[in-house]
There are 2 protein chains.
Amino acid sequence: MKMSSGVEWALHSCVTLSQSHEPVPAARLAELHGTPPAYTAKHLQALSRAGIVHSTMGQVGGYTLTRPASEISALEVVQAIDGDEPAYRCAEIRQRGPLGIPSERCSRPCAIARAMTAAQDAWSRALAQLSIADLAVDIDADSNGTAMPDIRRWLTTTRS
Amino acid sequence: MKMSSGVEWALHSCVTLSQSHEPVPAARLAELHGTPPAYTAKHLQALSRAGIVHSTMGQVGGYTLTRPASEISALEVVQAIDGDEPAYRCAEIRQRGPLGIPSERCSRPCAIARAMTAAQDAWSRALAQLSIADLAVDIDADSNGTAMPDIRRWLTTTRS
DNA sequence: TTCTCTCGGATATTTTCTATCCGAGTTCAT
DNA sequence: ATGAACTCGGATAGAAAATATCCGAGAGAA
């Protein structure tokens, strides 16, 4: 049970985008984060499909957040990249084998599946109550308030 | 982020083993659950390595639980099969790129990694407070009290 | 109108998971 | 005591998924 490495890039990208009201190209995000340009772009496309970022084509195009960073949860980003299907998928073992239970008697999910669903719900709640804006604040605090200004400055001044 | 399908087989196997004080061979568990025999055996070996089940060799050998089912958590079984390393592994993006933070300034983990760790902890807690005995009770209740007696009867009477 | 720069989906490569087989070791019956 | 049958255990192929990449389609600026 491991998460795609793209999740990390996507979350960092969203935090970066929260610092810019102008479109930021995928190649620029990849350069800032030191990640493979083409693969980073692919993950941003997933964010676009999920409605988290908006893509602008053309010469001064790039990606922008579709909503305020405080209204985008970390869970949305994770699900956009890693998929929204639960980690545990019940194969209905209880219906198989010599003691298999007929399906008409299986109205509610298996007890094991219920436990796994409850655990995943706890995981989801923890990420749902955390916004991209919260992450930006935390990252900025870790650097004594220099990280976000540095990003804003780099985005506006530096040109490849 | 998906969990190995062997987790489901392992949990069902542990519930079944909790109904027998005599060793149950891997092939028998596979037959009962309708799962691939060889692959089921491989997962039981993982449980053995984790100290959850004890293997007995020889003609009347098989697997038994090393502890009472009430003292074996679902989390232990999941970690034995799926591995105990966290789903999110921070690649330290904050240290890379033109705005990379020197490693000596990264005493605590990245804010994103902290959030992911907190989410995984919530998930782990939900599974840690659930025992194999609890699962057996729940599964039995779903069948109006017929499932566990049926398993005990099948284990003692049926012979391949 | 032309050109440059952007995103988007289709395409190879690597890694992981799934599934299987055969040998080492142990116990029971003779 | 001996032999035979049954068990687990690790090493071995095959399939699926994730990783990483490239090139074409589309939009805006000059």
Side-chain angles (χ1 to χ4, degrees), chain A residues 1-10 13 17 20 22-31 33-66 78 80-83 85 87-89 91 93 159-160, chain B residues 1-10 13 17 20 22-31 33-66 78 80-83 85 87-89 91 93 159-160:
Chain A
M1 192 184 77
K2 77 172 186 183
M3 193 176 301
S4 167
S5 62
V7 169
E8 183 176 2
W9 310 349
S13 293
L17 288 178
S20 170
E22 298 168 15
V24 181
R28 182 64 69 89
L29 288 170
E31 182 191 359
H33 298 141
T35 52
Y39 198 28
T40 303
K42 183 169 170 43
H43 288 308
L44 286 169
Q45 291 168 24
L47 292 181
S48 177
R49 251 172 291 170
I52 295 172
V53 301
H54 173 68
S55 64
T56 307
M57 283 190 155
Q59 212 163 8
V60 294
Y63 289 100
T64 53
L65 296 180
T66 58
V78 171
I81 301 297
D82 215 58
E85 47 193 72
Y88 183 87
R89 299 171 315 294
I93 279 186
R159 274 259 159 89
S160 55
Chain B
M1 192 183 74
K2 77 173 185 183
M3 195 175 299
S4 167
S5 62
V7 169
E8 183 176 4
W9 311 350
S13 294
L17 288 178
S20 171
E22 298 167 14
V24 181
R28 183 64 68 90
L29 288 170
E31 181 190 359
H33 298 142
T35 52
Y39 198 30
T40 304
K42 183 166 169 46
H43 288 309
L44 286 169
Q45 291 168 25
L47 294 181
S48 176
R49 251 171 291 168
I52 295 173
V53 301
H54 173 68
S55 65
T56 307
M57 282 191 157
Q59 212 164 10
V60 294
Y63 288 100
T64 54
L65 296 180
T66 58
V78 171
I81 301 296
D82 214 60
E85 47 192 70
Y88 182 89
R89 300 172 314 296
I93 281 184
R159 275 259 158 88
S160 57

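Numbered from 1 within each chain, the chains take letters A, B, ... in sequence-line order.
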In whole angstrom, give the distance that lies between atom [atom1] of [X] and atom [atom2] of [N].
X	N	atom1	atom2	answer
A:Gln45	C:dT6	CD	C1'	11 Å
A:Arg49	C:dC7	CZ	C1'	12 Å
B:His54	D:dT7	NE2	P	16 Å
A:Met1	C:dT16	CE	C1'	15 Å
B:Leu44	D:dC8	CG	P	8 Å
A:Leu47	C:dT6	CG	C1'	17 Å
B:Leu29	D:dC6	CG	C1'	16 Å
A:Glu22	C:dT6	CD	C1'	16 Å

Subject >> Donor-acceptor contact present, side-chain B:Thr66 to main-chain B:Ile52, <3.5 Å >> reply: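 The answer is yes, because a donor-acceptor pair under 3.5 Å joins these two groups.
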
**OP:** Mark yes or no for whether B:Asp82, through its side chain, and B:Met3, through its backbone, hold a donor-acceptor pair below 3.5 Å.
**Re:**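 Judged by distance alone, no pair lies under 3.5 Å.
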
Hey, could you give me the [atom1]/[atom2] distance between [X] and [Y], rounded to the nearest 0.5 Å?
X	Y	atom1	atom2	value
A:Ile93	B:Ser13	CD1	OG	7.5 Å
A:Thr64	A:Leu17	OG1	CG	7.5 Å
B:Leu29	B:Thr40	CG	OG1	8.0 Å

**OP:** Remember a base hit wins even if backbone is also touched, and classify B:Ala26 as base, sugar-phosphate or nothing at under 4.0 Å, heavy atoms.
**Re:**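 Touches sugar-phosphate only.
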
**OP:** Taking all heavy atoms of B:Gly6 and all of B:His43, pick out the closest pair and write down the distance.
**Re:**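 Here B:Gly6 and B:His43 meet closest at CA-NE2, 3.5 Å.
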
Original post:
Are any of A:Ser55's side-chain N or O atoms less than 4.0 Å away from OP1 or OP2 of C:dG8?
Top reply: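 Result: yes.
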
Original post:
What one-letter contact string describes nucleotides 18-30 of chain C from 5' to 3', where B marks a base within less than 4.0 Å of any protein heavy atom, S marks contact via sugar-phosphate atoms alone, and - marks no contact?
Top reply: BBB-----BSB--

